[in-house]
Structure formats: C-alpha cells, structure tokens
2 protein chains.
Amino acid sequence: MKLSRKSDYALRALLTLGDRYGEGPVSIRELAEKNDVPQRFLEQIMLDMKKLGWVSSVAGRIGGFQLAKRPEEITMGQVVRHFDGVLAPIACVSSTHYESCSQESHCRFRRVLLEIRNYTSKLMDQATLAKVMRGAPVAREEVFSNFVFADGI
Amino acid sequence: MKLSRKSDYALRALLTLGDRYGEGPVSIRELAEKNDVPQRFLEQIMLDMKKLGWVSSVAGRIGGFQLAKRPEEITMGQVVRHFDGVLAPIACVSSTHYESCSQESHCRFRRVLLEIRNYTSKLMDQATLAKVMRGAPVAREEVFSNFVFADGI
DNA sequence: TAATATCCGACTAATTTAGTCGTATTTTAG
DNA sequence: CTAAAATACGACTAAATTAGTCGGATATTA
C-alpha cells in the first residue's frame, strides 16, 4: 500500500473535524490552512466524503463541514480503501480487489505479501478517528531507530 | 508499499534461479516462459540485477543467468527496495527515503503508518530467497479468510 | 446586496509504469 | 566457417495515474 496525497489530505481534514466534533461546521479554507493542503483540491475531497456520508456540509456565509458520524465510526482503512482503492501490496492478495495471476498455484513469495496485507488491514481497520486523535505524534528518531517486534511475529 | 511488475518479475526469476542453484545458467527465454513474463522486459531486469551482483551471466549459444550469491544472501527487501525504491507507505516514515512534512510535529496518523512500515521491512528483510523457496504456496481461501493475529501485536 | 461559503464538472501537466524495438556482440554446434 | 541462439546496450513510447487547477453556479447571512 502506498498512501496517496488524497488519502493523506482526507485524513488530515477528518482529524481536524474530529477535534471540533459537536462544535459546528469548519470551512474548507480553515481546514486547508491548518493542514497545509491546496484549498481547491481539498474541496474535491470534502465533496467526495460528503457523498459517502462521512461528513455533512452547511452552505453559505458561515458554512463548512462537520463529521456526520462519530469519530469511533470512521477508520483509516475506510479512508484509504476509498481514495487509494486497495490496501494490499498486490492484487493477488487483496480480498476487496482480488485478481488472479497465472502463477498463483505455485507462487511462493505471495505468502509474505499476504502477511503484510493482513497486518496492514488489521491496523488500518482498528485505527478509528477517535483512537488516532488520542495518539501521540511520532518522534523523528522513531523513524530511524530499528524498531524490534516481539519474537515470533 | 505497492509491488511493481518489475519487482514481481525479478522475484519470479530469482526463485527459479534459486531452484537451479549450482546447475549452470538458465536462459532468459526459459525464465520468461516458466514465469509468464515478457521476455524483452525480463532481459532489462536481469541485466539490472547483474549490475547489482545478484546474478552472473554466460553469453553465447548456451548462455544464461545464474545466482551470483547464495539464496540465503538475497532478500525480498533488497529486491523491492531496488526496483520500487521504498517499502514505506509514505516518505515521512521511510528510513531510506525519508522526507519531512510540514505536519510532522503534530501528525497523529503517522504512527499507524510507521508501524506498517516496521512490520513490512521486518518481513521483507527476513524473507531470503532460501526461506521463500521452501515456503508453501498460498491457498486461495487464505486470501479471503479473515486471518487473526495473536493478541497485542 | 455584497461577501463568503459550498457545489459541480471539465481540464491538464507531470510523472510513473510497463513495456517495445533495433542492433551489436559473444559463444558454440555442426 | 557459419548459422543459430544467447547476452548486451540504449533509445523510444503508449497508457495510466497522480496531483492538482480553473470557471462558474448556487446558497446563506451580515
């Protein structure tokens, strides 16, 4: 899975709306400025999410967008699957966008890709807006330290 | 991470060469036929891997390619990093292709992406040709069954 | 009624992907 | 000696994807 700008920007905006949940609409201009996103591009993204029922809008002078679902009900998996289509690193291990392959019956590296897909979708589907909002930002060193997983995983 | 055709085809060819390790060169024609890969495209890929020292070639009438390293010494991580550049789903959580982002200091969903990158690179770097060669193919149901990870992972 | 929103659809530049193609060179079988 | 079959090298390209821009219509409120 590669995260597109669209997914990235959608998540930024949704988290801001999560922070303001219950406080009335937030304008695209503010969402764009706060999150460093091109405004007219974000506009498209917000309208898209409105069609999906994730956000609702108020038109006019003091309009804007707000979450149409509780932050517990929207997950990163939903967002990325919508904007990027697929979480799996290759279509032959995708359950939502499965495509067969001539080598399927004897391909041996597919197992590794399947495990990566399983882990990715598990994490993404567990990551509700509410949980992500509560999380602490990543320190830069964490990206460069060699994080070690528990044994046997 | 999304697996490109190039990485896919490279892995297919490398595994075939792994099966034939120590038995002399295998021609591109045979590698292409066995693995259902466009021959002239595979040609490029093999020459690329030759430059990297992963395979060696024998020119002429009965020439072909063979592994230039033991199957224990080549990993999926190396292959995918070479052909696709990066394993991480976004540059801000890549240790090899890190790029900063204006939101870095307060981005909250980055943690999820970092965990996915950590798991991906761990699995990819552990997956030597030798290990992958020994693995069993994936049954189709495994792709559609909801695999459940052990708790707390 | 002017300002500031959302709403809608079309358009596009740049990049990436997944190749093809021509041709030169090397090696061996007959 | 020569034809066949292989690698070697570099240029080219069609199609898809990405990451937007742009013009203008409609809605709401101070």
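Each chain gets a letter, A, B and so on, in the order its sequence line appears, and its residues count up from 1.
Interface remark: the Q44(A) side chain does form a donor-acceptor pair with the dT21(D) base, using a distance-only criterion of under 3.5 Å. Taking only distance into account, the side chain of E43(B) meets the base of dC9(D) through a donor-acceptor pair shorter than 3.5 Å.
Distance, E30(B) CD to dA5(D) C1': 14 Å, rounded to whole Å. Put simply, NZ on K2(B) is 14 Å from P on dT16(C), counting in whole angstrom units. Between the NZ atom of K50(A) and the P atom of dG9(C) there is a distance of 13 Å, rounded to whole Å. Between K51(B) atom NZ and dC9(D) atom C1' there is a gap of 8 Å when expressed in whole angstrom units. Protein atom CD of Q39(A) is 16 Å distant from nucleotide atom C1' of dA19(D), rounded to whole Å. As a whole-Å value, the separation of I45(A) CD1 from dC8(C) P is 17 Å. In this entry the distance linking CZ of R5(A) with C1' of dA13(C) reads 16 Å, nearest Å. Here dG22(C) presents its P atom at 9 Å from CZ of R40(B), a figure rounded to the nearest Å.
The phosphate of dT18(D) has neither OP1 nor OP2 within less than 4.0 Å of any side-chain N or O from K6(A). For the pair Y9(A) and dG20(D), the criterion of a side-chain N or O lying under 4.0 Å from OP1 or OP2 is met. For the pair S57(B) and dA6(D), the criterion of a side-chain N or O lying under 4.0 Å from OP1 or OP2 is not met.
The two residues E72(B) and A130(B) make their nearest non-hydrogen contact at OE2-CB, 3.7 Å. Taking every heavy atom of both residues into account, S57(B) and K50(B) meet most closely at OG-NZ, 3.0 Å. Annotation for S94(B) and V86(B): closest pair OG-CG2, 3.4 Å, computed over non-hydrogen atoms.
Under the 6.0 Å cut-off for aromatic ring centres, F144(A) and Y98(B) qualify, their centroids lying closer than that.
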Restricting to nitrogen or oxygen on both sides, can you table the protein-nucleotides 1-5 of chain C pairs closer than 3.5 Å?
from	atom 1	to	atom 2	distance (Å)
dA5(C)	OP1	R29(A)	NH2	3.1
dA5(C)	OP2	R29(A)	NE	3.4
dA5(C)	O4'	G60(A)	O	3.1

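Exactly one residue among L67(B), V26(B), I45(B) makes a side-chain contact (heavy atoms from CB on, under 4.5 Å) with V55(B). That residue is L67(B).
The main-chain N or O of L123(A) is never found under 3.5 Å from a side-chain atom of Q126(A) such that the two would form a donor-acceptor pair.
No side-chain donor-acceptor contact under 3.5 Å links K34(B) and T16(B).
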